[in-house]
Amino acid sequence: MTTWQAICAVHDIPVLGARRVARPQGLDVALFRNAEDEIFALLDRCPHKGGPLSQGMVFGRSVACPLHNWTLDLCDGQAAEPDEGCTPAFAVQVRDGQVFMDAAELATKATDLTRPIAGPARRCGQAASNAA
Ligand code: FES
């Protein structure tokens, strides 16, 4: 049986914006609110290079990553073509203006995913030693 955990009120999430939900383990989850007051939840990590989706621009049922503008579907976290990748989506319920998430999913889903670590810096004109 699912245990639904109260997270916040719908109005605590900015319209066309997001609010981050911290977890004991793993990266934050981003709660998004679109213009129709629909609420969505994705791991706050772009599948491209780990950008913070919570700082992206919400439009329709999509969010544009703030780093390189990939578009992700807020329903399932899937990147729009031609890009490829997916960020984990989380179950959300809205009841009486309150946002709830599946407590078990929030505690365990995708807790192994981390942000990518930037590689070593190079000076301009310096060749990469292991260029692919
Ligand atoms: S990190 Fe999101 S588009 Fe590049």
Side-chain angles (χ1 to χ4, degrees):
M1 184 173 147
T2 303
T3 301
W4 293 98
Q5 178 179 337
I7 304 296
C8 63
V10 168
H11 64 73
D12 291 332
I13 307 168
V15 177
L16 301 181
R19 176 185 176 133
R20 286 180 294 145
V21 179
R23 306 190 293 167
Q25 294 181 342
L27 297 174
D28 292 350
V29 172
L31 283 174
F32 299 92
R33 178 180 174 189
N34 68 8
E36 288 73 37
D37 285 338
E38 294 176 303
I39 306 298
F40 307 90
L42 298 178
L43 190 68
D44 192 16
R45 177 189 186 276
C46 178
H48 179 216
K49 294 193 176 182
L53 296 174
S54 59
Q55 296 176 33
M57 188 174 71
V58 174
F59 58 100
R61 289 183 167 176
S62 301
V63 61
C65 178
L67 293 192
H68 312 100
N69 211 34
W70 278 28
T71 297
L72 300 167
D73 189 310
L74 287 171
C75 297
D76 61 7
Q78 191 69 46
E81 292 185 1
D83 301 316
E84 294 180 5
C86 187
T87 197
F90 292 74
V92 177
Q93 275 193 358
V94 176
R95 282 183 268 135
D96 299 326
Q98 293 291 311
V99 179
F100 296 83
M101 296 185 70
D102 179 334
E105 188 181 62
L106 189 60
T108 61
K109 188 170 186 177
T111 54
D112 58 326
L113 293 177
T114 59
R115 293 215 186 278
I117 298 171
R122 286 182 286 159
R123 291 191 191 100
C124 291
Q126 180 182 8
S129 59
N130 58 353

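None of these values were measured; they are calculated from a predicted model. Basis for what follows: all heavy atoms, side chains included, without hydrogens, waters or symmetry-related copies. Order of appearance sets the numbers: ligands from 1, and atoms from 1 within every ligand.
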Among the N/O/S atoms of His48, which is closest to atom 4 (Fe) of ligand 1? Give the atom name.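 Minimum-distance N/O/S atom of His48 relative to atom 4 (Fe) of ligand 1 is ND1.
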Name of the His68 N, O or S atom nearest atom 4 (Fe) of ligand 1?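 In His68, the heteroatom (N, O or S) nearest atom 4 (Fe) of ligand 1 is ND1.
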What are the atoms of ligand 1, with element, lying closer than 4.0 Å to any heavy atom of [X]?
X: Gly51; answer: 1 (S)
X: Trp70; answer: 3 (S)
X: Lys49; answer: 1 (S)

Is there side-chain contact between Leu31 and Met101, with at least one heavy-atom pair below 4.5 Å?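 When only atoms from C-beta onward are counted, Met101 and Leu31 do touch, with a gap below 4.5 Å.
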Would you give the length of the straight line joining atom CG of Leu74 to atom CZ of Phe59, rounded to the nearest 0.5 angstrom?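 Result: 8.5 Å between the selected atoms.
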Below 2.8 Å, can you find an N, O or S atom of Cys46 next to atom 2 (Fe) of ligand 1?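 It does: Cys46 brings an N, O or S atom closer than 2.8 Å to atom 2 (Fe) of ligand 1.
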Checking only N/O/S atoms, does Cys65 have one that is under 2.8 Å from atom 2 (Fe) of ligand 1?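 Yes, within the cut-off.
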Give the intermediate values and the outcome of side-chain contact (heavy atoms from CB on, under 4.5 Å) for residues Leu27 and Thr114. CA-CA 7 Å; Leu27 297 174; Thr114 59; 5.5 Å; no
Please check if any side-chain donor atom of Ser62 sits under 3.5 Å from a side-chain acceptor atom of Asp73, or the reverse.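 Short answer, no.
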Should Phe90 and Leu42 be counted in the same cluster of Ile, Leu, Val, Met, Phe, Trp and Tyr side chains packed under 4.5 Å apart?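 Different hydrophobic clusters.
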Does the structure place the NZ or CZ of Arg61 under 6.0 Å from the centre of the six-membered ring of Phe40, at an angle of no more than 45° from the ring's axis?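 Here Arg61 fails the 6.0 Å and 45° test against Phe40.
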